[in-house]
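Lettering follows sequence order; numbering is per chain, from 1.
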Amino acid sequence: MTVAADAAPPGGAEHSWGRLERALRDRRDSGGKCFVPYLTGGLGDDWLETICAVAAAGADAIEIGVPFSDPVMDGTIIQQANDRALSEGATPQSILAEVRGASADIGVPTAVMTYANIAHHMGYERFASSLADAGVSGCILPDLPLEEVGEWAVCADAAGVETVLLAAPTAPDERLPRLCARSRGFVYSVGLMGITGVREALAASATRTAARIKAVTDMPVLVGVGVGTPAQAAEVCRVADGAVVGSAIVTRMLEGAGPDGVASLVAEFRAALDAAHS
Amino acid sequence: MGEPSADGRFGDFGGMFVPETLVPACQELDQAFRSAWGDPGFRGELDRLLRDYAGRPSPLTECPNLSTELGLRILLKREDLNHTGSHKINNVLGQALLARRMGKTSLVAETGAGQHGVATATAAALFSMDCIVYMGTVDIARQELNVFRMRLLGTEVRAAETGSRTLKDAVNEAMRHWVAVADTTHYCLGSVMGPHPYPWMVREFQRVVGEEARRQCAEILDGGVPDVVTAAVGGGSNAAGIFGGFADTGARLVGVEPAGGAAVGRAVPGIVHGSRSYLMQDEWGQVLEAESISAGLDYPGVGPEHSHLAATGRATYEQVTDAEVIEAFSLLSRTEGIIPALECAHALAWVSRARSDLAGLTVLLNLSGRGDKDVDQMMGILG
């Protein structure tokens, strides 16, 4: 789980790779595309089983959402999932305890996605070490932009947790190299100006932003927000190294599809990416 | 109460805790506000609007009957007499003017009691801008009149149906809306909260309340200042405005929170809606739902500068119960013929409770809004 000293990157990159980044680089460097589904932690009785099933169905890594009461970057689907998980009693501690118990079964790297206050309230140092203890490789806190991430990033680095930063379509050119230099695991290229959710078509900004980021970094660049179908994932991966898909997956969870139902959707994404880019 | 640091901090509080997608919009706003605020042309135009459209300066009213009853000298800063009935218009005219200067064609806002929503809808009508206001469904039900006002003014009122369905959720929805349309739309935030530069900018737009009151007090107090300056605090814009005129004096500054929304009272810092400040939250950092009789103060957070003022001891923050607020609402109506908004009745509730400690002192109270909007609700309570 900790940063492996023997995984020193080739010249150019300045940090050593953690488990998340190694897994994504391996997929990319072997000519494939990365698929990272997002699942809401604590949603229903079988969410952990679902995570294991999704890993077996071809996810390269898994984002585990830790519900927050005020998820300003999320659309209605993930809001509903958050609310339901919270009302079912999910807490950061309960989710991490379960993930810790299952980390061998999950088998692929995981990253927790939540909001800054969850980490801030527990204390950045304690939250970072809780993630490491649970076997979680990465962390995404979308309301910590580059200007605010420093205090957290120091704690995350010390605990060996990879802090993934987001890059927006409106980021000026000069900002992108700075974002990439501070990001770990991968660079999360935001597909459109808006909140999470499934759209009818892929926004033009999705590939455009990914291309701008890829021009300034060797790290894996994955697009998320507004990527909702296997076809859209394949389309964005013409440029990007991979896709992050949340709302479409969580919709299945909310519908009660169960581990097999959610895994079959993940298998569709996997197949679409493999077919388009093998 | 000066400028925040370069990273938008008042001491340990403030900042710009927004997704990357909103960073450019906040930075653009920071630059635009700095430029406008230093431009005499902008200041002159805003001053003219405040005078000719909003009706400034608002009067300072002596309250002989109430003063006798409480055993102290009470002065009211009459923001209730502004156009649209509260202090909210000061901030909104500033932001609308700034939005136009930035080339934005639309406004989006959140509202609790509806006062900020009505003020924003008013400015949008005046400046011929499109306007969308998010309001929690709970608040829509208890502030029907203001919902109608906003619609009459040409604004689209959208229901915030998630979470507690009050002010905090309306802020979430407004931010979610803004992120997708920030190139054409200005987020007209209603209080001294949110990401930098909002806490600073909104306080500067509200500072006119304190500066006027300072001059008006000097006239009747032989050049002096009141012993105590008090105001209700939800997000804290009316308090920040009046404190801004007296922070460099010896006056005691007292913010008054609802007991069910006492972010400063609990003094636990947190991060939500773009800044680090005191925040009501559970043991895991989930934001709690504020509960107060006043929709305008139903907010679990507080502006970061108030947290700083509290942490440094420059201002103190008291908490009052709904029952004390109802009492104060009646008291001012009965003694002075002024029906206050439930928000500022909080400040009076504290003055009334603390009257023996305040005996003989001069107390300046920011009467931030009029109570017309609350009459229907109070009819149900007082019969």
Side-chain angles (χ1 to χ4, degrees), chain A residues 66-76 79-80 82-83 86 90-95 114-123 127 141-152 165-172 175-176 179 188-197 203 205 225-226, chain B residues 6-9 12 14-28 30 160-164 168-185 194-196 268-277 279-289 300-301:
Chain A
V66 170
F68 177 53
S69 53
D70 295 80
V72 291
M73 208 184 151
D74 286 305
T76 50
Q79 285 176 49
Q80 275 174 36
N82 263 327
D83 287 351
L86 287 172
T91 68
Q93 190 183 49
S94 69
I95 290 170
T114 188
Y115 286 80
N117 199 50
I118 297 293
H120 180 268
H121 191 78
M122 193 182 283
F127 188 69
L141 300 170
D143 50 346
L144 289 184
L146 191 57
E147 285 76 4
E148 302 290 356
V149 79
E151 199 184 334
W152 157 255
L165 293 192
L166 278 61
T170 48
R175 189 175 180 84
L176 293 178
L179 277 168
Y188 193 126
S189 177
V190 180
L192 50 81
M193 290 302 289
I195 53 177
T196 60
S205 54
V225 183
Chain B
D7 59 352
R9 296 290 200 284
D12 290 336
M16 195 188 278
F17 293 87
V18 293
E20 273 290 326
T21 38
L22 279 177
V23 169
C26 291
Q27 290 177 336
E28 178 196 11
D30 177 56
E161 292 170 346
T162 54
S164 60
K168 114 182 147 68
D169 310 283
V171 175
N172 290 337
E173 289 301 335
M175 290 182 84
R176 290 178 185 128
H177 177 90
W178 189 37
V179 67
V181 294
D183 52 337
T184 59
T185 301
H196 176 74
V268 181
I271 297 168
V272 80
H273 295 157
S275 56
R276 181 178 189 276
S277 191
L279 176 67
M280 288 173 52
Q281 51 197 310
D282 73 8
E283 60 176 317
W284 300 111
Q286 308 296 353
V287 181
L288 292 173
E289 301 174 4

ask   = Which residue out of A/L141, A/L144, A/L179 racks up the most heavy-atom pairs below 4.5 Å with chain B?
value = A/L179
inquiry  = Given heavy-atom pairs under 4.5 angstrom as the criterion, report whether the side chain, backbone, both or neither of A/L192 touches chain B.
reply    = backbone
ask   = Does B/E28 have any side-chain hydrogen bond (donor to acceptor under 3.5 Å, both in side chains) partners at least two apart in sequence or in another chain, and if so, which?
value = B/K104
message = Is the shortest side-chain heavy-atom distance between B/L279 and A/H121 below 4.5 Å?
response = no
Residue part contacting chain A, namely of B/P269, when any heavy atom lies under 4.5 Å = both
ask   = Measuring heavy-atom distances to chain A, does B/L22 have an atom under 4.5 Å in its side chain, in its backbone, in both, or in neither?
value = neither
inquiry  = Any heavy-atom pair between the side chains of B/H196 and A/E147 that's under 4.5 Å?
reply    = no
note = Closest non-hydrogen atoms of A/Q79 and B/T162, given as atom of the first, atom of the second and distance, are OE1-CG2, 2.8 Å
ask   = Relative to chain A, which segment of B/E161 carries a heavy atom at a distance below 4.5 Å: side chain, backbone, both, or neither?
value = neither
request  = Name the region of B/V23, side chain, backbone, both or neither, that has any atom closer than 4.5 Å to a heavy atom of chain A.
outcome  = side chain
Contact class of A/L165 relative to chain B, heavy atoms under 4.5 angstrom = neither
query = Of A/S69, A/P92, A/P67, which meets side chain to side chain contact (heavy atoms under 4.5 Å, CB included) against B/W284?
reply = A/P92
remark   = What one should report as the nearest heavy-atom pair of A/T170 and B/T21 is OG1-O, 4.0 Å
query = Given a strict heavy-atom distance threshold of 4.5 Å, which part of A/Q93 is in contact with chain B: side chain, backbone, both, or neither?
reply = both
query = When you look at A/R175 and B/Q27, which way does the side chain to side chain contact (heavy atoms under 4.5 Å, CB included) test go after all the steps?
reply = CA-CA 13 Å; A/R175 189 175 180 84; B/Q27 290 177 336; 4.0 Å; yes
ask   = Which atoms of B/E289 come close to chain A, meaning under 4.5 Å heavy atom to heavy atom: side chain ones, backbone ones, both, or neither?
value = neither
request  = Below 4.5 Å from any heavy atom of chain A, which atoms of B/V181 appear? Answer side chain, backbone, both or neither.
outcome  = neither
request  = Before accepting this row, confirm whether a basic side-chain N of the pair A/E148/B/R276 lies closer than 4.0 Å to the acidic partner's carboxylate O.
outcome  = no
note = Nearest heavy-atom approach of B/A180 to A/G194 is CB-CA, 4.2 Å
ask   = Checking heavy atoms, do the side chain of B/P19, its backbone, both or neither come under 4.5 Å from chain A?
value = both
ask   = Can you name the closest pair of heavy atoms from B/M16 and A/P145 and give their distance?
value = O-CG, 3.3 Å
request  = Let me know if B/D282 has heavy atoms under 4.5 Å from chain A in its side chain, its backbone, both or neither.
outcome  = backbone
query = So which of A/I118, A/D70, A/N117, A/N82 actually passes side chain to side chain contact (heavy atoms under 4.5 Å, CB included) with B/Q286?
reply = A/I118
query = Tell me, side chain or backbone of A/V72 under 4.5 Å from chain B's heavy atoms, or both, or neither?
reply = both
query = If we only count heavy atoms from C-beta on, is the A/Y115 to B/I271 side-chain gap below 4.5 Å?
reply = no
